[in-house]
Amino acid sequence: MNLRKIALFSIGPLATAVLGIITLPLLSWYFDQVDIGRIAIYQSVIALSGLFLSFGMDQAYVREYHEKVNKPKLFKNCTGFSAVIIILLAIISFTLSIDFSKYLFDIESVYINWILVISIICYVTTHFITINLRMEEEALVYSLSKALFKFIFIMLLCVVIIFSYEMNFVTLISTYGFSYLISSFLVLYYNRKFVLSSVKQSFEKKEIKSLLKLGLPLTFSGIAYWGLTSLDKFFLKEISDFKELAIYSVAISFASAGTILQTVFSTIWAPTVYKWVANGQGEDEINKVADIILGLVLILFSLVGMFSWVVEFILPDKYSGVASIMVICISCPLFYTLSEVTKVGIGVSRRSIYSLLSSSIACAINIAGNLLLIPNYGALGAAMSTALSFWIFLVLRTEFSLFLWDKLSLNKSKIYIWTLSVLFVAIASSFFNDSYYKYLSIFIWTVYFVIVAILWKVQFKLVIFRARKT
């Protein structure tokens, strides 16, 4: 994959991050903290529904795409099963009058239930279509489609604010729901020829069973990972309150800028590394990439630590706790990105059960950490628990990878020591609340940045040189 295509694939994550940063001040100034907390639960439920209701067929589509000549037929077999199950579940839930809004948001509302169901359907639909765009290597369209929802949401939110609609949870979730609906329609319209071609195909039961056999195990791994990233929000809701959840969710949203590295790297890494392995040259290259990504992770930690105070000027005073915990929150996407390099042995050996095991153990530790820390520290406790769990997730993936692929050679001691040190600094700096200690925190992160920049100077120069050459 050349530099131009990588840049095009990078537009989506970058645009999404920028639009997200624009969205946060609007939400925090115009909506109550409780409603922001409820939206965090809404987004987590949609993410879980997308994982569960895809039944791993999205991953099966990716794996089988290059093996099948009839792509529309493969698409229908992958999406048709999910579509039928979603419709059946929607009918059953409304027939039995299951009040999701009461359980999730402490509000009884049939309207909110409908918005939730429509949002889930649109999310799953868009997800499958964007995966097809990715496989067709329509890099620019793929990137724009990933950022489309955020753009539409900001437009609708501005309309709501300008015309002074009532700023409550119903208004907010309606804005989200209509954003999902409009973005889903636009993505469908752009891909209408492929979708219509797929609709005309016939189902093939044998192939569906084969796809389910391939995809379902990956679903459980995905759900375990969802638990690692999202259960903390539900614990905050139950153990603490929606206000603490709002502070935590805003901090995570700012820290999600780290997903730019995660998304771009994940897009180009898998095909590249397996090509290296097939040519018998992967071991040394993987070690070099792991060292470079480790350096980038430490640099990004340092930059967030140095400039986290800026968010205090764009958020209301009631979100004063955001700046102190967002550095911890960025550990999730950054440690995950690093683990994508170190876990390559799991992929090479095709022992995906170890991915599930890594996620499950880390998720269990996060649950215990949340129960222990949230009662005393609230949002900060949830952030510390999740960060530590992601560090353990990184260690488990690395150890399993080295165990399964004996040809792999990684400097794991260097990885563990540096990531643990940066996590310690992030947690320690979160307790620096008054002005003096904030300056001390900025100073510490600046020193850390300089040390990392010096130690990784040669590796970064090599990356820049190769990028220019490409």
Peer 1: Does any part of the side chain of Lys76, heavy atoms only, come nearer than 4.5 Å to the side chain of Lys200, both counted from C-beta?
Peer 2: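 Answer no - side chains too far apart.
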Peer 1: Ser49 versus Tyr123: any side-chain heavy-atom pair under 4.5 Å?
Peer 2: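 No; the side chains remain at least 4.5 Å from each other.
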Peer 1: Side chains of Cys332 and Thr229: does their closest heavy-atom pair fall under 4.5 Å?
Peer 2: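 They are not in side-chain contact.
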Peer 1: Does the gap between the ring centers of Tyr354 and Phe400 come in under 6.0 Å?
Peer 2: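 Close enough - the centres of the two rings lie under 6.0 Å apart.
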Peer 1: Is there a side-chain contact between Phe169 and Ile112 (heavy atoms, below 4.5 Å)?
Peer 2: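 A side-chain contact exists here, since the closest heavy-atom pair is under 4.5 Å.
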Peer 1: Can you name the nearest heavy-atom pair linking Ala379 to Leu236, along with the distance?
Peer 2: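 Closest heavy-atom pair between Ala379 and Leu236: N-CD2, 3.8 Å.
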Peer 1: Could you tell me if Thr126 and Tyr180 have a donor-acceptor pair between their side chains, going purely by distance under 3.5 Å?
Peer 2: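 No - no donor-acceptor pair under 3.5 Å links their side chains.
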Peer 1: Tell me if the centroids of the rings in Phe178 and Phe185 come within less than 6.0 Å of each other.
Peer 2: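 Between Phe178 and Phe185, the centre distance exceeds or equals 6.0 Å.
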Peer 1: Among Leu188, Leu186, Ile182, find the residue that satisfies the side-chain contact (heavy atoms from CB on, under 4.5 Å) test when tested with Ser184.
Peer 2: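 The side-chain contact (heavy atoms from CB on, under 4.5 Å) with Ser184 is passed solely by Leu188 among Leu188, Leu186, Ile182.
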Peer 1: Can you tell me if Phe234 has over 12 outside heavy atoms packed within less than 6.0 Å of its CZ?
Peer 2: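 Result for CZ/Phe234: enclosed.
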Peer 1: Considering non-hydrogen atoms only, spot the tightest contact between Cys329 and Tyr248 and give its length.
Peer 2: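 Shortest heavy-atom separation between Cys329 and Tyr248 comes out as SG-CE1, 4.0 Å.
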Peer 1: If the condition is ring pair (Phe, Tyr, Trp, His ring centres under 6.0 Å), which residues does Phe75 pass it with, not counting sequence neighbours?
Peer 2: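 For Phe75 the ring pair (Phe, Tyr, Trp, His ring centres under 6.0 Å) partners, ignoring immediate neighbours, are Tyr61, Phe194.
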Peer 1: More than 12 heavy atoms of other residues, nucleotides or ligands under 6.0 Å from NZ of Lys243: is that the case?
Peer 2: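 No, not enclosed.
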Peer 1: Determine whether Leu315 and Val250 make a side-chain contact, defined as any pair of heavy atoms from C-beta on separated by less than 4.5 Å.
Peer 2: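 With C-beta onward as the side chain, the pair touches.
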Peer 1: Does any part of the side chain of Leu380, heavy atoms only, come nearer than 4.5 Å to the side chain of Ser324, both counted from C-beta?
Peer 2: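 Result no, sub-4.5 Å side-chain heavy-atom pair not found.
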Peer 1: Taking atom types as modelled, is there a side-chain donor on Ser331 or Trp391 under 3.5 Å from an acceptor on the other?
Peer 2: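 No, because no side-chain N or O of Ser331 sits under 3.5 Å from a partner of the opposite role on Trp391.
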Peer 1: Do Phe105 and Tyr42 have side chains that get closer than 4.5 Å, going by heavy atoms?
Peer 2: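 Side-chain contact under 4.5 Å: yes.
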Peer 1: Evaluate the side-chain proximity of Thr342 to Ser401: yes if any heavy-atom separation is below 4.5 Å, no if none is.
Peer 2: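 The answer is no; the side chains never approach within 4.5 Å.
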